[in-house]
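The structure appears right after this line, and notes come after that.
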Amino acid sequence: MKIATWNVNSIKARLDNVLEWLRDAAPDVVLLQEIKTVDDGFPRLDLEALGYRCAVHGQKSYNGVAILSRVGLEDAQARLAGDDSDEHARYLEATVAGNIRVATIYLPNGNPVATEKFPYKLNWMKRLKARAAELLATGGPVVLGGDYNVIPTNDDVHNPAAWAGDALFQPETRAAFREILWLGYTDAFRAVDPSPHRYTFWDYQGGAWQRDHGIRIDHLLLSPVAADRLVTAGIDTGPRGKPKASDHTPVWCELRDPA
DNA sequence: ATGCCTTGCGGAGCAAGA
């Protein structure tokens, strides 16, 4: 069972890239972020033609998340509890393969730090932590994947000093991410690859991709019973090097079938 | 250097991203 997460930066602009990658990588479940379309604009038919069912939580112009699955897709539920005034489409859960609860997460960027955007980010992380705790309490396999907009450690950024003032790298941001991990979640990529400077995002500007000036901000967090099934995980840098690429590239993990 | 790209929206030049 291969589960991947990918911030595609517009599903419409990226459709050919996404279809090509689905054929090449053959993931069973894909957690998408930044689809940048309302539900009706989602290219459902093209994805269904490859065997995927789709759950979509869209929004006009910005944000938007979706789940693709070719191993069943049930009980989709959008939005995080805790702030009824939050209209951003950033969170969607569903059950795949019968009993794996997955969530696609587009965590707020939070920049600039001196504006209301940063406390919105931190509050969103509190809401996510609360939901993550609820899901742990079910005792079942859970995979929380997405664009967390969090650089966890100095090993996850090319030049830590350059990011010191950024919302993705603030001590409060990193602490809030650790709080979620310490509930009992495992960072799937880090569990299998401790090497530093493995990135999932490279800015479009300044030749960041060509220079490998990236950051690791897309993560797959596994509950204990999901982590017990972890076979391997990786970052697929292929899509970032293609024409018309998203600025993010897919992260994936492989879970063995239950005993 | 809040620019350097890229996208959506709408039909020019912002807003937002990270």
Side-chain angles (χ1 to χ4, degrees), chain A residues 5-19 21 31-43 56-66 86-91 104-125 128 145-174 176-177 189 197-219 235 237 239-251:
Chain A
T5 180
W6 192 8
N7 178 325
V8 292
N9 184 17
S10 171
I11 188 64
K12 292 180 186 173
R14 215 68 59 210
L15 184 57
D16 289 344
N17 303 51
V18 170
L19 294 175
W21 180 75
L31 310 171
L32 297 174
Q33 302 88 37
E34 272 206 279
I35 61 172
K36 291 188 172 180
T37 178
V38 294
D39 294 11
D40 286 347
F42 192 81
V56 183
H57 178 41
Q59 180 180 341
K60 188 180 179 184
S61 305
Y62 305 115
N63 308 317
V65 288
D86 186 359
E87 301 289 340
H88 290 192
R90 297 182 176 275
Y91 186 88
T104 175
I105 291 164
Y106 180 42
L107 205 147
N109 176 297
N111 281 306
V113 170
T115 68
E116 73 289 344
K117 293 187 176 187
F118 189 58
Y120 169 65
K121 175 181 190 140
L122 294 180
N123 188 53
W124 205 95
M125 295 183 82
L128 176 61
D147 175 2
Y148 280 76
N149 271 314
V150 175
I151 302 168
T153 75
N154 283 7
D155 283 349
D156 300 309
V157 52
H158 170 259
N159 180 2
W163 290 83
D166 197 280
L168 282 63
F169 203 46
Q170 291 306 293
E172 300 96 320
T173 303
R174 298 159 70 180
F177 184 72
F189 177 73
H197 311 304
R198 296 288 183 262
Y199 308 130
T200 66
F201 167 92
W202 299 258
D203 201 286
Y204 287 124
Q205 305 181 78
W209 165 248
Q210 289 77 7
R211 300 175 183 200
D212 198 24
H213 290 182
I215 50 179
R216 192 176 71 92
I217 58 174
D218 300 270
H219 310 296
I235 299 169
T237 55
R240 184 62 181 84
K242 304 262 183 177
K244 290 274 291 177
S246 170
D247 39 7
H248 297 249
T249 214
V251 180

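Lettering follows sequence order; numbering is per chain, from 1.
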Protein-nucleic acid N or O pairs under 3.5 Å, nucleotides 8-11 of chain B:
from	atom 1	to	atom 2	distance (Å)
dG8(B)	OP1	Ser10(A)	OG	2.5
dC9(B)	OP1	Ser61(A)	N	3.4
dC9(B)	OP1	Ser61(A)	OG	3.3

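- To the nearest angstrom, P of dC5(B) lies 14 Å from CZ of Phe201(A).
- Residue contacts shown for Asn7(A) are limited to sugar-phosphate atoms, with no base heavy atom under 4.0 Å away.
- Contacts of Lys121(A) with the nucleic acid, taken as non-hydrogen atoms under 4.0 Å apart, are absent.
- The distance between atom NE2 of His88(A) and atom C1' of dA15(B), rounded to the nearest whole Å, is 12 Å.
- A straight line from CD of Gln33(A) to C1' of dT7(B) spans 17 Å, rounded to a whole angstrom.
- Contact annotation: Tyr204(A) side-chain N/O to dA16(B) OP1/OP2 distance is not under 4.0 Å.
- Between the P atom of dT2(B) and the CG atom of Asp203(A) lies a distance of 14 Å, rounded to the nearest Å.
- In this entry the distance linking CG of Asn111(A) with C1' of dA18(B) reads 6 Å, nearest Å.
- The residue Asp218(A) sits apart from the nucleic acid: no heavy atom pair falls under 4.0 Å.
- Rounded to whole Å, atom P of dT6(B) lies 13 Å from atom CG of Asn17(A).
- For the atom pair Ile151(A) CD1 and Ile217(A) CD1, the distance stands at 7.0 Å (nearest 0.5 Å).
- Between the side chain of Arg14(A) and the main chain of Lys244(A), a donor-acceptor pair closer than 3.5 Å is present.
- Rounded to whole Å, the separation between the P atoms of dC4(B) and dG13(B) comes to 15 Å.
- Atom pair Arg211(A):CZ and dC4(B):P shows a separation of 16 Å (rounding to whole Å applied).
- Taken to the nearest 0.5 Å, the CG atom of Leu107(A) stands 11.0 Å off from the CG atom of Asp218(A).
- Regarding Asp147(A), its CG atom lies at a distance of 10 Å from the C1' atom of dG17(B), rounded to whole Å.
- Applying a 4.0 Å cut-off to non-hydrogen atoms, the residues of residues 243-250 of chain A that approach DNA chain B are Lys244(A), His248(A), listed by residue number.
- In this structure, Lys117(A) contributes its side chain and Pro112(A) its backbone to no donor-acceptor pair below 3.5 Å.
- Residue Tyr106(A) is in sugar-phosphate contact alone, with no base atom involved, counting any heavy-atom pair closer than 4.0 Å across all strands shown.
- Distance noted for atom P between dA18(B) and dA1(B): 24 Å (whole Å).
- When the C1' atom is used for both dG10(B) and dA15(B), the distance is 13 Å, rounded to whole Å.
- For Arg240(A), there are no salt bridge (Lys or Arg N to Asp or Glu O under 4.0 Å) partners at least two apart in sequence or on another chain.
- Although no hydrogens or angles enter the test, the distance criterion places a donor-acceptor pair under 3.5 Å between the side chain of His219(A) and the main chain of Val150(A).
- Across Thr5(A), Asp147(A), Asn9(A), Asn7(A), a single residue satisfies side-chain hydrogen bond (donor to acceptor under 3.5 Å, both in side chains) together with Gln33(A), and that is Thr5(A).
- Regarding contacts with the backbone of dA18(B), every side-chain N or O of Lys117(A) stays at 4.0 angstrom or more from both OP1 and OP2.
- Within a 6.0 Å radius of CG in Asp40(A), no more than 12 heavy atoms belonging to other residues, nucleotides or ligands are found.
- For the pair Thr104(A) (side chain) and Leu32(A) (backbone), a donor-acceptor distance under 3.5 Å is present.
- If you take atom P in dA12(B) and the same atom in dG17(B), they sit 26 Å apart, rounded to whole Å.
- Here Arg216(A) lies out of heavy-atom contact (under 4.0 Å) with every strand.
- Ring-plane geometry between His158(A) and His213(A) is classed as parallel, the angle between the planes falling under 30 degrees on a 0 to 90 degree scale with a further cut at 60.
- Nearest-nucleotide assignment on DNA chain B puts the 5′-proximal partner with Arg14(A), out of Arg14(A) and Asp166(A).
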